[in-house]
Amino acid sequence: HARIGSPAPRATAASADTLQAEIALLGEAHRALNSGDAAGALAHLSTYRERFPHGVLREERDVERVLVLCRLGRDAEAREAARAFLRSHPRSPLVPRVERACAGSSSGEGR
């Protein structure tokens, strides 16, 4: 019976390491965005997506990507990414943040 629980600690340690790496990459992206380096933030988010395509924090990554695209003035891409997020995660607590993402930059578009 002791064998049944033995693989879990190893998986938990690996998961904790992965989570820490995800947190670090998101932190780098957030710091870059806050310091005015939106292109650098987008690069960190791309690295995150490559390393952890199904990461625990992928919702946060996707929201941060929408914000970065807005900051870069890539509103059409941001809206597309926002729509994809809302389709994939309609009940996410991050939905309001996505819905407000490009509010300041999209007001001049009448299409």
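- Glu60 meets the side-chain hydrogen bond (donor to acceptor under 3.5 Å, both in side chains) test with no other residue; sequence neighbours excluded.
- In this structure Arg71 satisfies the salt bridge (Lys or Arg N to Asp or Glu O under 4.0 Å) test with no other residue, sequence neighbours excluded.
- In terms of heavy atoms, Ala21 sits closest to Arg51 at CB-NH2, 3.9 Å.
- For residues 65-88, every residue pair satisfying the ring-ring contact (aromatic ring centres under 6.0 Å, His included) rule, not counting sequence neighbours, is listed here: Phe85-His89.
- Here the straight-line distance linking atom CD of Glu59 with atom CG of Leu94 works out to 6.0 Å at 0.5 Å rounding.
- A pairwise comparison of heavy atoms in Pro90 and Val95 identifies O-CG2, 3.6 Å as the closest pair.
- Considering every non-hydrogen atom in both Val66 and Ala82, the closest pair reads CG2-N, 3.7 Å.
- Remark: Leu45 CG to Glu50 CD distance equals 11.5 Å, nearest 0.5 Å.
- Counting all heavy atoms, side chain and backbone alike, Ala41 lies closest to Ala29 at CB-O, 3.3 Å.
- Environment of CD in Glu99: crowded, with over 12 heavy atoms of neighbouring residues, nucleotides or ligands closer than 6.0 Å.
- Remark: Glu77 engages Arg74 in a salt bridge (Lys or Arg N to Asp or Glu O under 4.0 Å) (not counting sequence neighbours).
- Between Cys102 and Asp75, the shortest heavy-atom contact is SG-OD1, 4.0 Å.
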Item to complete: Applying side chain to side chain contact (heavy atoms under 4.5 Å, CB included), run through Thr18 and Val56 and close with a yes or a no.
Response: CA-CA 9 Å; Thr18 298; Val56 174; over 6 Å; no

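- Arg79 is not listed as a side-chain neighbour of Leu69, based on a closest heavy-atom distance of 4.5 Å or more.
- Applying the ring-ring contact (aromatic ring centres under 6.0 Å, His included) test to every pair with at least one member in residues 20-49, sequence neighbours left out, gives these pairs: Tyr48-Phe52.
- Across every non-hydrogen atom of Ala81 and Arg65, the tightest pair is CB-NH1, 3.6 Å.
- You'll find the side chain of Arg97 reaches within 4.5 Å of the side chain of Leu67, heavy atoms only.
- The salt bridge (charged side-chain N to carboxylate O under 4.0 Å, His left out) analysis of residues 31-40, with sequence neighbours excluded, yields the pairs Glu28-Arg31.
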